[in-house]
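Take a look at the structure set out below.
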Amino acid sequence: MSDRINVRSLLEQKGQLADDVVAIKANGTIIDLHSFVDPTTTFELVRKTDKDGLQVIRHSTAHVMADAVQRLFPGTKVTIGPAIEDGFYYDFDKPGGGFTEEDLAKIEKTIREIVKSNTPFRREVVTRDQALALFEKMGETFKVEIIKSIPEGEEISLYKHGTHEKSQNYDKDWVDVCEGPHVPRTSNLGAVKLTSVAGAYWRGDERNPMLQRIYGTAFATQEALDEHLKLIEEAKARDHRKLGKELELFIFDPVAPAMPFFLPRGAFLYNALVQYMREMYAIDGYDEVITPQAFDPKLFRTSGHLGNYNENMYRLWTEDLLEELTAKDKDGNEKSTAEFIKRLQDNSFAIKPMNCPSHCVIFGSRRRSYRELPWRMADFGRLHRYERGGVVHGLSRVRTFCQDDAHIFCTREQVAGEIEKFMKLFYRVYKAFGFEKIDVKLATRPEKRVGSDEFWDMAESALQKGLESAGLTFEILPGEGAFYGPKIEFHVQDALKRSWQLGTMQYDPNLPERFELDYVGEDGKEHRPVMLHRAIFGSLERFISVYIEHCGGNFPAWIAPMQAKLLTVSDKSEAYGRDVLARLKARSFRVEGNFSGDKLGAKIRDARTARHPYMIVIGEKDAEAGTVSVRSRDKGELGAMPFDQFSAMLAEESKLPL
RNA sequence: GCCGCGAUAGCUCAGCGGUAGAGCAGUGCUUUCGUAAAGCACAGGUCGUCGGUUCAAGCCCGACUCGCGGCUCCA
């Protein structure tokens, strides 16, 4: 083996050193110009405009930002600052509260100064003790903790920048313990924008102190940065909360925090999803049930939710119950508050946060035969979960919602077939709605769990095989399964690339156990069924939120709350317009007329912003010829056509995408 | 729940100690018009709630409620 060589020298020898080369990629690893490699290594160049190069730029910018922050806010401690999708962040422990918007502007200015100083990044490999001594001396307690958690035997490197090589005195360099890679010089950076400040827990644990996180982004050029910022602005225009208001789909009111009021058009969307799913259920053999909203707490004691899920449940009380619970005992003593609370918790009804326990009640309501299995029990019941204040978000995370919920009771042998059937249905539905980017995850056994290792091996491999036979690539989330079983999660991103879990499939042997559910098998003996929890939309509310953002409020005709707007050119064509409108309504199309005195241009503009699939312009020429002039939202001007032609076209587009 | 920020007319926002503003939407009148905004007029607000500072509070301070960006947690 030959002697290792500095990457910069290697590139120089090969004549491949260029201003925009920030690193090389060898065996899938990004290695910066400061590192040493085997000179015979095969590699490709990483330029600052490449995806990998951007990561390097962003990581280096995070360092420069931390440097700027420590210059401006002495006493602030650094923690970590990685590159992330679309940018970077750095977490600080800042005495005396967080950063303000003005602080961000100052920090950005200082970053630019550091960039302009055009100083080199330098990499130094040190021993664990040297690193510890250095950061302890600096008082960087979080860094000391990080160094201590680096596995024994792993190389520890420092990255420094800030001093020009001419000065020869690197004492004032800003230093961070870091794996790298980093750009050669600060002048490789520059197109930087600090986007927001936020709180974040040290090491992601809410028991730890909260740090101040600054988010930013960086690009190879100012043009690329501007383009990115423009895209974000455009994405914000698709925010479902904004469109929900503009298109009059739903509202929120402080009288019911985080619980949506669906307006007529939003209610139409909601009902259309239910109707669509019912069609799917008819094809795939699901039976829909309707179950109560509030339950004796015994039910949730049996299911195990009481105790584990208390903080998320809404409870009910009645005057009768309060009287009963506050009644003096037979010796005339009043109950203590603690006792009253205990009795209230034990006795007050609970609003259901999920449907599964009710379905177990139905399954157990009489003797079941193996001939009834698999039994796919669907429920569009309304659920309530008390979510902590900071987590609610438009329709995506609410306190009352409806899942397209179903539980499949089946034998162990039937599990594989049911998973396969579900996967097919799932992808059929998402295709119908035009979703292509779906992140599939398999959440496996958590530390706190019930059931034997054999069970978990079996259940995890059943789900995994289901995903594999469906030909899906998926990510494994170790330890993130439910306490009772593993789950498959389907995630979709909103307009701002926040990921939301929609569909799920979960393997649950626990509830049948707790509810002592049995069926009589072919052998005449009792057997315990397996229960699969599954949802395709996840929750209608959340699905609607991502779907609104996915289509930007441009709903296809089959699900558009208003399919067409009829616009008259002037009063002269009102009679014919009303006739056409009545004929369309008679065919059950969702249409509305605009017979106001506005000019056609204004009517068109209104209808455009309302995003209806069609506009039907009615003027005197149409009245004479008996035509309608059609303008499609998606295809533009279609010109005059006979009524029947338009009607047939809209009828075709109104069909459910089966 | 935690960190930070915010709340003024139905909507979008300006005003930041000294008599509540604009555009759009709404209503009325005029206009009768062929593919992205006709004109005029009128009407709309205890400036989120409660308390404090001040001669004087949308404006300053505090608490609460609701919301926004994150974190943690979740469909």
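Labels below follow one simple rule: chain letters A, B, ... track the order of the sequence lines, proteins then strands, and each chain is numbered from 1.
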Going 5' to 3' through nucleotides 68-75 of chain B and flagging B where a protein heavy-atom sits under 4.0 Å of the base, S where only the sugar-phosphate is that close, and - otherwise, we get SBBBBBBB

Could you write nucleotides 40-45 of chain B as a row of B, S and -, 5' to 3', where a protein heavy atom under 4.0 Å of any base atom gives B, of only sugar-phosphate atoms gives S, and otherwise -? ------

Tell me whether the side-chain N/O atoms of A:Lys599 come closer than 4.0 Å to OP1 or OP2 in B:U32. no

OP1 or OP2 of B:U12 sitting under 4.0 Å from any side-chain N/O of A:Lys245?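 For B:U12, OP1 or OP2 has a side-chain N or O of A:Lys245 closer than 4.0 Å.
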
Does [X] come within less than 4.0 Å of [Y], counting only side-chain N to carboxylate O?
| X | Y | answer |
| --- | --- | --- |
| A:Glu140 | A:Lys77 | no |
| A:Glu541 | A:Arg382 | yes |
| A:Asp226 | A:Lys230 | no |

Atom-pair distance ([atom1] on [X]; [atom2] on [N]), nearest Å:
| X | N | atom1 | atom2 | answer |
| --- | --- | --- | --- | --- |
| A:Glu248 | B:A25 | CD | P | 14 Å |
| A:Phe250 | B:G67 | CZ | P | 13 Å |
| A:Asp598 | B:U27 | CG | P | 11 Å |
| A:Leu211 | B:C3 | CG | P | 13 Å |
| A:Lys565 | B:A36 | NZ | C1' | 15 Å |
| A:Asp103 | B:C5 | CG | P | 10 Å |
| A:Asp622 | B:C33 | CG | C1' | 15 Å |

Syn versus anti for B:G67, judged by chi lying within 90° of 0? anti

Checking understanding here: a glycosidic angle within 90° of 0 is syn, the rest anti, so what is B:G44?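 Nucleotide B:G44 adopts syn.
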
If I compare all heavy atoms of A:Tyr484 with all of A:Pro509, which pair ends up nearest, and what's the gap?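 Shortest heavy-atom contact: O-CD, 3.4 Å.
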
Can A:Arg376 be said to sit on top of A:Tyr281's aromatic six-ring, NZ or CZ under 6.0 Å from centre and within 45° of the ring axis? no

Assess A:Arg213 against A:Tyr89: is NZ or CZ under 6.0 Å from the centre of the six-membered ring, and within 45 degrees of the ring's axis?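 Because its charged atom sits under 6.0 Å from the ring centre and within 45° of the axis, A:Arg213 does stack over A:Tyr89.
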
Got a sec: does the CD of A:Gln493 have more than 12 other heavy atoms crowding it under 6.0 Å?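 For A:Gln493, atom CD is crowded (more than 12 foreign heavy atoms under 6.0 Å).
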
Run the ring-centre check on A:Phe433 versus A:His550 and record whether the distance is less than 6.0 Å.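 That pair fails the under 6.0 Å test.
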
Using both distances under 3.5 Å as the test, list the Watson-Crick or G-U wobble partner of B:G48, or none. B:C64

